[in-house]
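Working notes, structure below.
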Number of protein chains: 2
Amino acid sequence: MGRDTRERIMAAALTLFVERGPGATPITAVEEAAGLLPGNGSFYRHFANKAALLDAVVDRELARARKDPSAQVSHVDGTLAGQLLADLDFLNDLRSLIAILLWERGRAPELADRIQRLMVDRGVELGVADLLAETPCPTVREDVTAAAAVMMSAMIGYFLSREYFGAPPAGVTPERFTTTLAGLLTRQ
Amino acid sequence: MGRDTRERIMAAALTLFVERGPGATPITAVEEAAGLLPGNGSFYRHFANKAALLDAVVDRELARARKDPSAQVSHVDGTLAGQLLADLDFLNDLRSLIAILLWERGRAPELADRIQRLMVDRGVELGVADLLAETPCPTVREDVTAAAAVMMSAMIGYFLSREYFGAPPAGVTPERFTTTLAGLLTRQ
DNA sequence: GTCTATACCTTGATAGAC
DNA sequence: GTCTATCAAGGTATAGAC
(Lines give C-alpha, C1' and ligand atoms only; values in the text may rest on other atoms or scores of the structure.)
Protein backbone atom coordinates (compact mmCIF):
# COMPACT_ATOMS: atom_id res chain seq x y z
CA MET A 1 0.00 0.00 0.00
CA GLY A 2 1.73 3.14 -1.18
CA ARG A 3 0.88 6.74 -1.92
CA ASP A 4 -2.78 7.04 -1.05
CA THR A 5 -2.33 6.29 2.65
CA ARG A 6 -3.56 9.73 3.52
CA GLU A 7 -6.82 9.01 1.71
CA ARG A 8 -7.22 5.63 3.39
CA ILE A 9 -6.66 7.25 6.78
CA MET A 10 -9.33 9.86 6.11
CA ALA A 11 -11.84 7.29 4.86
CA ALA A 12 -11.24 5.05 7.87
CA ALA A 13 -11.44 8.00 10.23
CA LEU A 14 -14.74 9.23 8.76
CA THR A 15 -16.38 5.86 9.44
CA LEU A 16 -15.01 5.57 12.96
CA PHE A 17 -15.70 9.20 13.86
CA VAL A 18 -19.33 8.84 12.76
CA GLU A 19 -19.87 5.58 14.62
CA ARG A 20 -18.04 6.09 17.91
CA GLY A 21 -17.14 9.77 17.86
CA PRO A 22 -13.65 11.28 17.55
CA GLY A 23 -13.09 11.19 21.30
CA ALA A 24 -13.71 7.46 21.49
CA THR A 25 -11.56 6.68 18.44
CA PRO A 26 -7.89 6.06 19.27
CA ILE A 27 -5.33 6.80 16.58
CA THR A 28 -4.37 3.14 16.78
CA ALA A 29 -7.88 2.17 15.58
CA VAL A 30 -7.58 4.55 12.64
CA GLU A 31 -4.17 3.12 11.75
CA GLU A 32 -5.50 -0.41 11.91
CA ALA A 33 -8.58 0.40 9.78
CA ALA A 34 -6.30 2.11 7.26
CA GLY A 35 -4.11 -0.98 6.92
CA LEU A 36 -1.20 0.23 9.03
CA LEU A 37 0.20 -1.57 12.04
CA PRO A 38 -1.45 -0.02 15.08
CA GLY A 39 0.48 1.76 17.78
CA ASN A 40 3.54 2.52 15.72
CA GLY A 41 2.71 6.08 14.88
CA SER A 42 2.96 5.85 11.09
CA PHE A 43 -0.14 8.04 11.21
CA TYR A 44 1.97 10.99 12.30
CA ARG A 45 3.79 11.06 8.96
CA HIS A 46 0.44 12.16 7.46
CA PHE A 47 -1.27 14.29 10.11
CA ALA A 48 0.06 16.33 13.01
CA ASN A 49 -2.48 14.88 15.45
CA LYS A 50 -6.09 13.80 15.85
CA ALA A 51 -7.46 17.36 15.78
CA ALA A 52 -5.82 18.01 12.41
CA LEU A 53 -7.30 14.78 11.08
CA LEU A 54 -10.76 15.75 12.31
CA ASP A 55 -10.48 19.16 10.69
CA ALA A 56 -9.47 17.63 7.37
CA VAL A 57 -12.31 15.10 7.45
CA VAL A 58 -14.93 17.73 8.34
CA ASP A 59 -13.70 20.23 5.77
CA ARG A 60 -13.84 17.62 3.05
CA GLU A 61 -17.39 16.58 4.02
CA LEU A 62 -18.57 20.20 4.14
CA ALA A 63 -17.13 20.82 0.68
CA ARG A 64 -18.75 17.67 -0.67
CA ALA A 65 -22.16 18.48 0.84
CA ARG A 66 -22.10 22.01 -0.52
CA LYS A 67 -21.38 21.13 -4.09
CA ASP A 68 -22.92 17.69 -4.58
CA PRO A 69 -26.29 18.44 -6.19
CA SER A 70 -27.36 14.79 -6.40
CA ALA A 71 -29.70 14.90 -3.43
CA GLN A 72 -31.33 18.20 -4.24
CA VAL A 73 -32.62 17.27 -7.69
CA SER A 74 -33.85 13.72 -7.17
CA HIS A 75 -37.58 13.11 -6.67
CA VAL A 76 -38.52 16.66 -7.52
CA ASP A 77 -41.75 16.68 -9.51
CA GLY A 78 -42.98 20.21 -8.92
CA THR A 79 -45.05 19.46 -5.85
CA LEU A 80 -44.15 20.53 -2.33
CA ALA A 81 -44.34 16.92 -1.16
CA GLY A 82 -41.80 15.99 -3.82
CA GLN A 83 -39.55 18.82 -2.73
CA LEU A 84 -39.77 17.65 0.88
CA LEU A 85 -38.76 14.12 -0.11
CA ALA A 86 -35.74 15.60 -1.85
CA ASP A 87 -34.96 17.61 1.27
CA LEU A 88 -34.95 14.38 3.31
CA ASP A 89 -32.36 13.08 0.86
CA PHE A 90 -30.29 16.19 1.44
CA LEU A 91 -30.45 15.65 5.20
CA ASN A 92 -29.34 12.10 4.58
CA ASP A 93 -26.41 13.46 2.64
CA LEU A 94 -25.42 15.41 5.76
CA ARG A 95 -25.63 12.29 7.98
CA SER A 96 -21.90 12.09 8.66
CA LEU A 97 -21.55 15.76 9.48
CA ILE A 98 -24.56 15.71 11.77
CA ALA A 99 -23.25 12.64 13.58
CA ILE A 100 -19.83 14.22 14.11
CA LEU A 101 -21.40 17.49 15.22
CA LEU A 102 -23.44 15.66 17.85
CA TRP A 103 -20.30 13.96 19.15
CA GLU A 104 -18.35 17.19 19.25
CA ARG A 105 -21.11 19.47 20.52
CA GLY A 106 -19.85 21.87 23.15
CA ARG A 107 -16.32 21.32 21.96
CA ALA A 108 -16.82 22.59 18.41
CA PRO A 109 -19.12 25.64 18.40
CA GLU A 110 -17.73 26.70 15.03
CA LEU A 111 -18.71 23.40 13.45
CA ALA A 112 -22.21 23.84 14.90
CA ASP A 113 -22.37 27.25 13.24
CA ARG A 114 -21.35 25.89 9.87
CA ILE A 115 -23.92 23.10 9.95
CA GLN A 116 -26.58 25.43 11.32
CA ARG A 117 -26.02 27.68 8.32
CA LEU A 118 -25.84 24.83 5.81
CA MET A 119 -28.88 23.02 7.15
CA VAL A 120 -31.29 25.06 9.25
CA ASP A 121 -30.91 28.59 7.91
CA ARG A 122 -30.60 27.53 4.30
CA GLY A 123 -33.53 25.17 4.85
CA VAL A 124 -35.80 27.87 6.26
CA GLU A 125 -34.75 30.27 3.52
CA LEU A 126 -35.47 27.80 0.72
CA GLY A 127 -38.58 26.73 2.61
CA VAL A 128 -39.99 30.25 2.55
CA ALA A 129 -39.45 30.36 -1.19
CA ASP A 130 -41.06 26.95 -1.66
CA LEU A 131 -44.07 27.95 0.41
CA LEU A 132 -44.61 31.20 -1.46
CA ALA A 133 -44.37 29.36 -4.78
CA GLU A 134 -47.47 27.38 -3.81
CA THR A 135 -50.82 28.86 -2.93
CA PRO A 136 -50.26 28.93 0.81
CA CYS A 137 -52.98 28.50 3.39
CA PRO A 138 -54.06 31.40 5.67
CA THR A 139 -51.91 30.24 8.60
CA VAL A 140 -48.84 30.18 6.37
CA ARG A 141 -49.62 33.60 4.95
CA GLU A 142 -49.97 35.05 8.43
CA ASP A 143 -46.38 34.17 9.37
CA VAL A 144 -44.40 32.67 6.52
CA THR A 145 -41.16 32.54 8.49
CA ALA A 146 -42.78 30.65 11.36
CA ALA A 147 -44.39 28.25 8.89
CA ALA A 148 -41.03 27.61 7.27
CA ALA A 149 -39.56 27.02 10.73
CA VAL A 150 -42.30 24.48 11.44
CA MET A 151 -41.60 22.77 8.14
CA MET A 152 -37.86 22.66 8.72
CA SER A 153 -38.25 21.51 12.32
CA ALA A 154 -40.57 18.72 11.30
CA MET A 155 -38.06 17.51 8.72
CA ILE A 156 -35.15 17.65 11.14
CA GLY A 157 -37.18 16.02 13.91
CA TYR A 158 -38.30 13.20 11.63
CA PHE A 159 -34.75 12.60 10.43
CA LEU A 160 -33.22 12.65 13.90
CA SER A 161 -35.92 10.39 15.34
CA ARG A 162 -35.14 7.78 12.73
CA GLU A 163 -31.44 8.23 13.19
CA TYR A 164 -31.07 8.38 16.97
CA PHE A 165 -34.27 7.28 18.68
CA GLY A 166 -34.40 3.99 16.83
CA ALA A 167 -37.41 4.49 14.56
CA PRO A 168 -39.51 7.09 12.74
CA PRO A 169 -42.35 8.45 14.88
CA ALA A 170 -45.21 5.93 14.91
CA GLY A 171 -43.54 4.03 12.07
CA VAL A 172 -44.70 6.60 9.53
CA THR A 173 -42.89 6.24 6.18
CA PRO A 174 -41.15 9.17 4.45
CA GLU A 175 -43.88 9.25 1.79
CA ARG A 176 -46.74 9.45 4.29
CA PHE A 177 -44.82 11.99 6.33
CA THR A 178 -44.01 14.38 3.51
CA THR A 179 -47.46 14.06 1.95
CA THR A 180 -49.15 14.99 5.21
CA LEU A 181 -46.72 17.81 5.97
CA ALA A 182 -47.18 19.27 2.49
CA GLY A 183 -50.96 18.92 2.83
CA LEU A 184 -50.98 20.83 6.08
CA LEU A 185 -48.99 23.66 4.55
CA THR A 186 -50.92 24.06 1.30
CA ARG A 187 -54.49 22.78 1.64
CA GLN A 188 -55.85 25.08 4.28
CA MET B 1 -19.17 16.06 54.47
CA GLY B 2 -20.74 12.90 55.74
CA ARG B 3 -23.52 10.55 54.76
CA ASP B 4 -24.93 12.04 51.57
CA THR B 5 -21.76 11.56 49.55
CA ARG B 6 -23.58 9.15 47.27
CA GLU B 7 -26.11 11.87 46.48
CA ARG B 8 -23.41 14.45 45.86
CA ILE B 9 -21.64 12.06 43.52
CA MET B 10 -24.81 11.45 41.53
CA ALA B 11 -25.62 15.16 41.30
CA ALA B 12 -22.09 15.99 40.17
CA ALA B 13 -22.10 13.12 37.68
CA LEU B 14 -25.42 14.19 36.15
CA THR B 15 -24.06 17.65 35.38
CA LEU B 16 -20.80 16.36 33.96
CA PHE B 17 -22.40 13.52 31.99
CA VAL B 18 -24.83 15.97 30.37
CA GLU B 19 -22.13 18.49 29.49
CA ARG B 20 -19.21 16.35 28.34
CA GLY B 21 -20.69 12.87 28.11
CA PRO B 22 -19.88 9.89 30.35
CA GLY B 23 -16.99 8.78 28.16
CA ALA B 24 -15.25 12.15 28.50
CA THR B 25 -15.85 12.37 32.24
CA PRO B 26 -13.08 10.78 34.33
CA ILE B 27 -13.99 9.46 37.74
CA THR B 28 -11.46 11.90 39.14
CA ALA B 29 -13.56 14.82 37.82
CA VAL B 30 -16.68 13.40 39.48
CA GLU B 31 -14.81 13.01 42.77
CA GLU B 32 -13.56 16.56 42.59
CA ALA B 33 -17.00 18.00 41.77
CA ALA B 34 -18.46 15.99 44.66
CA GLY B 35 -15.98 17.47 47.11
CA LEU B 36 -13.65 14.46 47.34
CA LEU B 37 -9.95 14.55 46.65
CA PRO B 38 -9.50 13.40 43.05
CA GLY B 39 -7.58 10.30 42.13
CA ASN B 40 -7.83 8.59 45.47
CA GLY B 41 -10.68 6.27 44.64
CA SER B 42 -13.03 7.23 47.47
CA PHE B 43 -15.64 7.01 44.73
CA TYR B 44 -15.35 3.22 44.72
CA ARG B 45 -16.76 2.99 48.25
CA HIS B 46 -20.06 4.17 46.74
CA PHE B 47 -20.22 2.70 43.22
CA ALA B 48 -18.58 -0.32 41.64
CA ASN B 49 -17.46 1.63 38.56
CA LYS B 50 -18.50 4.30 36.08
CA ALA B 51 -21.08 2.10 34.34
CA ALA B 52 -22.89 1.48 37.64
CA LEU B 53 -22.90 5.21 38.33
CA LEU B 54 -24.33 5.93 34.87
CA ASP B 55 -27.08 3.35 35.38
CA ALA B 56 -28.03 4.84 38.72
CA VAL B 57 -28.13 8.39 37.33
CA VAL B 58 -30.23 7.41 34.30
CA ASP B 59 -32.66 5.31 36.32
CA ARG B 60 -33.25 8.14 38.72
CA GLU B 61 -33.84 10.64 35.88
CA LEU B 62 -36.26 8.28 34.15
CA ALA B 63 -38.21 7.82 37.36
CA ARG B 64 -38.33 11.56 37.94
CA ALA B 65 -39.45 12.35 34.38
CA ARG B 66 -42.19 9.74 34.50
CA LYS B 67 -43.80 10.95 37.66
CA ASP B 68 -43.13 14.69 37.75
CA PRO B 69 -46.31 16.24 36.37
CA SER B 70 -45.09 19.82 36.71
CA ALA B 71 -44.30 20.31 33.04
CA GLN B 72 -47.43 18.67 31.69
CA VAL B 73 -49.92 20.94 33.41
CA SER B 74 -48.35 24.36 33.06
CA HIS B 75 -49.56 26.71 30.33
CA VAL B 76 -52.50 24.50 29.42
CA ASP B 77 -55.52 26.64 28.62
CA GLY B 78 -57.59 24.26 26.55
CA THR B 79 -56.15 25.24 23.17
CA LEU B 80 -53.86 23.05 21.09
CA ALA B 81 -51.27 25.82 21.02
CA GLY B 82 -51.30 25.88 24.82
CA GLN B 83 -50.90 22.13 24.93
CA LEU B 84 -47.94 22.34 22.56
CA LEU B 85 -46.25 24.92 24.77
CA ALA B 86 -46.67 22.53 27.70
CA ASP B 87 -45.20 19.74 25.59
CA LEU B 88 -42.12 21.89 24.95
CA ASP B 89 -41.79 22.16 28.73
CA PHE B 90 -41.98 18.40 28.98
CA LEU B 91 -39.22 18.03 26.39
CA ASN B 92 -37.19 20.48 28.43
CA ASP B 93 -37.74 18.26 31.44
CA LEU B 94 -36.12 15.43 29.48
CA ARG B 95 -33.11 17.56 28.56
CA SER B 96 -30.63 15.61 30.66
CA LEU B 97 -31.82 12.22 29.47
CA ILE B 98 -31.75 13.32 25.85
CA ALA B 99 -28.25 14.71 26.23
CA ILE B 100 -26.97 11.50 27.81
CA LEU B 101 -28.72 9.39 25.20
CA LEU B 102 -27.00 11.34 22.42
CA TRP B 103 -23.62 10.78 24.06
CA GLU B 104 -24.25 7.08 24.57
CA ARG B 105 -25.98 6.34 21.27
CA GLY B 106 -24.80 3.11 19.74
CA ARG B 107 -23.51 1.98 23.12
CA ALA B 108 -26.88 2.06 24.90
CA PRO B 109 -29.64 0.80 22.60
CA GLU B 110 -31.78 -0.03 25.61
CA LEU B 111 -31.65 3.57 26.82
CA ALA B 112 -32.69 4.71 23.34
CA ASP B 113 -35.69 2.40 23.55
CA ARG B 114 -36.77 3.76 26.90
CA ILE B 115 -36.54 7.38 25.77
CA GLN B 116 -38.19 6.56 22.46
CA ARG B 117 -41.13 5.12 24.38
CA LEU B 118 -41.26 7.94 26.93
CA MET B 119 -40.96 10.70 24.36
CA VAL B 120 -41.81 9.82 20.77
CA ASP B 121 -44.38 7.04 21.12
CA ARG B 122 -46.13 8.61 24.07
CA GLY B 123 -46.02 11.96 22.27
CA VAL B 124 -47.63 10.62 19.09
CA GLU B 125 -50.25 8.76 21.13
CA LEU B 126 -51.20 11.80 23.17
CA GLY B 127 -50.94 13.88 20.00
CA VAL B 128 -53.55 11.76 18.23
CA ALA B 129 -55.90 12.29 21.15
CA ASP B 130 -55.23 16.02 21.19
CA LEU B 131 -55.86 16.30 17.47
CA LEU B 132 -59.13 14.39 17.62
CA ALA B 133 -60.30 16.54 20.51
CA GLU B 134 -60.17 19.55 18.20
CA THR B 135 -62.05 19.88 14.96
CA PRO B 136 -59.24 18.65 12.75
CA CYS B 137 -58.66 19.83 9.23
CA PRO B 138 -59.16 17.49 6.22
CA THR B 139 -55.46 16.61 5.94
CA VAL B 140 -55.39 15.59 9.59
CA ARG B 141 -58.56 13.52 9.22
CA GLU B 142 -57.12 11.70 6.22
CA ASP B 143 -54.20 10.31 8.24
CA VAL B 144 -54.33 11.18 11.91
CA THR B 145 -51.27 9.11 12.79
CA ALA B 146 -49.14 10.82 10.16
CA ALA B 147 -50.39 14.21 11.34
CA ALA B 148 -49.46 13.36 14.92
CA ALA B 149 -46.04 12.23 13.67
CA VAL B 150 -45.62 15.58 11.90
CA MET B 151 -46.62 17.41 15.07
CA MET B 152 -44.27 15.39 17.24
CA SER B 153 -41.40 15.67 14.76
CA ALA B 154 -41.81 19.42 14.56
CA MET B 155 -41.66 19.69 18.35
CA ILE B 156 -38.60 17.46 18.61
CA GLY B 157 -36.88 19.21 15.71
CA TYR B 158 -37.52 22.64 17.19
CA PHE B 159 -36.23 21.54 20.58
CA LEU B 160 -33.10 19.87 19.23
CA SER B 161 -32.29 22.79 16.91
CA ARG B 162 -32.31 25.13 19.87
CA GLU B 163 -30.34 22.70 21.97
CA TYR B 164 -27.66 21.49 19.56
CA PHE B 165 -27.55 23.66 16.45
CA GLY B 166 -27.15 26.85 18.43
CA ALA B 167 -30.47 28.60 17.83
CA PRO B 168 -34.14 28.00 17.03
CA PRO B 169 -34.84 27.88 13.29
CA ALA B 170 -34.95 31.44 11.93
CA GLY B 171 -35.05 32.79 15.49
CA VAL B 172 -38.74 31.92 15.83
CA THR B 173 -39.90 32.04 19.48
CA PRO B 174 -41.74 29.16 21.16
CA GLU B 175 -44.98 31.15 21.11
CA ARG B 176 -44.84 31.89 17.39
CA PHE B 177 -43.80 28.34 16.70
CA THR B 178 -46.59 26.62 18.63
CA THR B 179 -49.24 29.08 17.43
CA THR B 180 -48.34 28.42 13.80
CA LEU B 181 -48.09 24.66 14.26
CA ALA B 182 -51.47 24.53 16.00
CA GLY B 183 -52.98 26.74 13.29
CA LEU B 184 -51.77 24.41 10.55
CA LEU B 185 -53.29 21.41 12.29
CA THR B 186 -56.70 22.88 13.12
CA ARG B 187 -57.59 25.74 10.77
CA GLN B 188 -57.67 23.97 7.45
C1' DG C 1 -15.72 7.01 54.85
C1' DT C 2 -11.76 9.47 53.29
C1' DC C 3 -7.01 9.63 52.55
C1' DT C 4 -2.00 7.90 50.90
C1' DA C 5 0.17 5.29 47.76
C1' DT C 6 0.56 2.61 44.01
C1' DA C 7 0.02 -0.88 40.07
C1' DC C 8 -1.70 -1.33 35.65
C1' DC C 9 -3.50 -0.15 31.24
C1' DT C 10 -4.59 2.72 27.27
C1' DT C 11 -3.46 6.42 24.40
C1' DG C 12 -0.66 10.10 22.24
C1' DA C 13 3.47 11.06 20.46
C1' DT C 14 8.59 10.86 19.18
C1' DA C 15 13.39 8.94 17.64
C1' DG C 16 15.64 6.39 14.64
C1' DA C 17 16.51 1.91 11.77
C1' DC C 18 15.19 0.13 7.43
C1' DG D 1 6.75 5.81 4.23
C1' DT D 2 6.46 2.01 7.38
C1' DC D 3 8.26 -0.39 11.16
C1' DT D 4 10.64 -1.19 16.05
C1' DA D 5 11.00 0.64 20.33
C1' DT D 6 9.97 3.57 23.78
C1' DC D 7 7.95 7.28 26.96
C1' DA D 8 5.03 10.42 29.28
C1' DA D 9 0.40 11.42 30.62
C1' DG D 10 -3.95 10.41 32.01
C1' DG D 11 -7.33 7.35 33.87
C1' DT D 12 -9.13 2.93 36.39
C1' DA D 13 -8.95 0.46 40.22
C1' DT D 14 -7.16 -1.69 44.63
C1' DA D 15 -4.79 -2.23 49.38
C1' DG D 16 -4.35 -0.58 53.57
C1' DA D 17 -3.57 3.30 57.15
C1' DC D 18 -6.26 6.52 59.66
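Bear in mind that the values here come from a model prediction, so they are computed numbers and not experimental data. Computed over heavy atoms, backbone and side chain alike; hydrogens, waters and symmetry mates excluded. Convention: sequence-line order gives letters A, B, ...; per-chain numbering from 1.
Rounded to an integer number of Å, the gap from CZ of A:F43 to C1' of D:dG1 is 15 Å. Residue A:N40 contributes atom CG, which lies 15 Å from atom P of C:dA13 at whole-angstrom precision. Atom CG of A:D4 and atom C1' of D:dG1 are 12 Å apart (whole Å). Whole-Å rounding puts the B:I27 CD1 to D:dA13 P distance at 7 Å. D:dG1 atom P lies 12 Å from atom CZ of A:F47, rounded to whole Å. The distance between atom CZ of A:R45 and atom C1' of D:dC3, rounded to the nearest whole Å, is 10 Å. A:R8 has its CZ atom 11 Å from the C1' atom of D:dG1, to the nearest Å. Between the CD atom of B:E7 and the P atom of C:dG1 there is a distance of 12 Å, given to the nearest Å.
In the set C:dT11, D:dC3, C:dA13, C:dT11 carries the atom at the smallest distance from any side-chain atom of A:P26. Closest to the A:L36 side chain, of the nucleotides C:dT4, C:dG1, D:dT2, is D:dT2. Distances from the side chain of B:T28 to the nucleotides D:dT12, C:dT4, C:dG12 place D:dT12 closest. Side-chain atoms of A:K50 lie closest to C:dG12 of the nucleotides C:dT4, C:dG12, D:dT2. Closest to the side chain of B:Y44, from the set D:dT12, C:dT2, C:dC3, is D:dT12.
A donor-acceptor pair shorter than 3.5 Å can be found between the side chains of A:D77 and A:T79.
With salt bridges taken as basic N to acidic carboxylate O contacts below 4.0 Å, none links A:E125 and A:R122. Here B:D93 does not pair with B:R66 in a salt bridge; the nearest charged N to carboxylate O distance is not below 4.0 Å. In this structure, B:R8 does not pair ionically with B:E31, as no charged nitrogen and carboxylate oxygen lie closer than 4.0 Å.
Residues B:G39 and A:T25 each lie close to DNA chain C; by heavy-atom proximity, the contact nearer the 5' end of the strand is made by B:G39.
Close to C:dG1, at under 4.0 Å from its OP1 or OP2, lies no side-chain N or O of B:T5.
In this structure, B:R105 is positioned above the aromatic face of A:W103, its NZ or CZ under 6.0 Å from the six-membered ring centre and within 45° of the axis.
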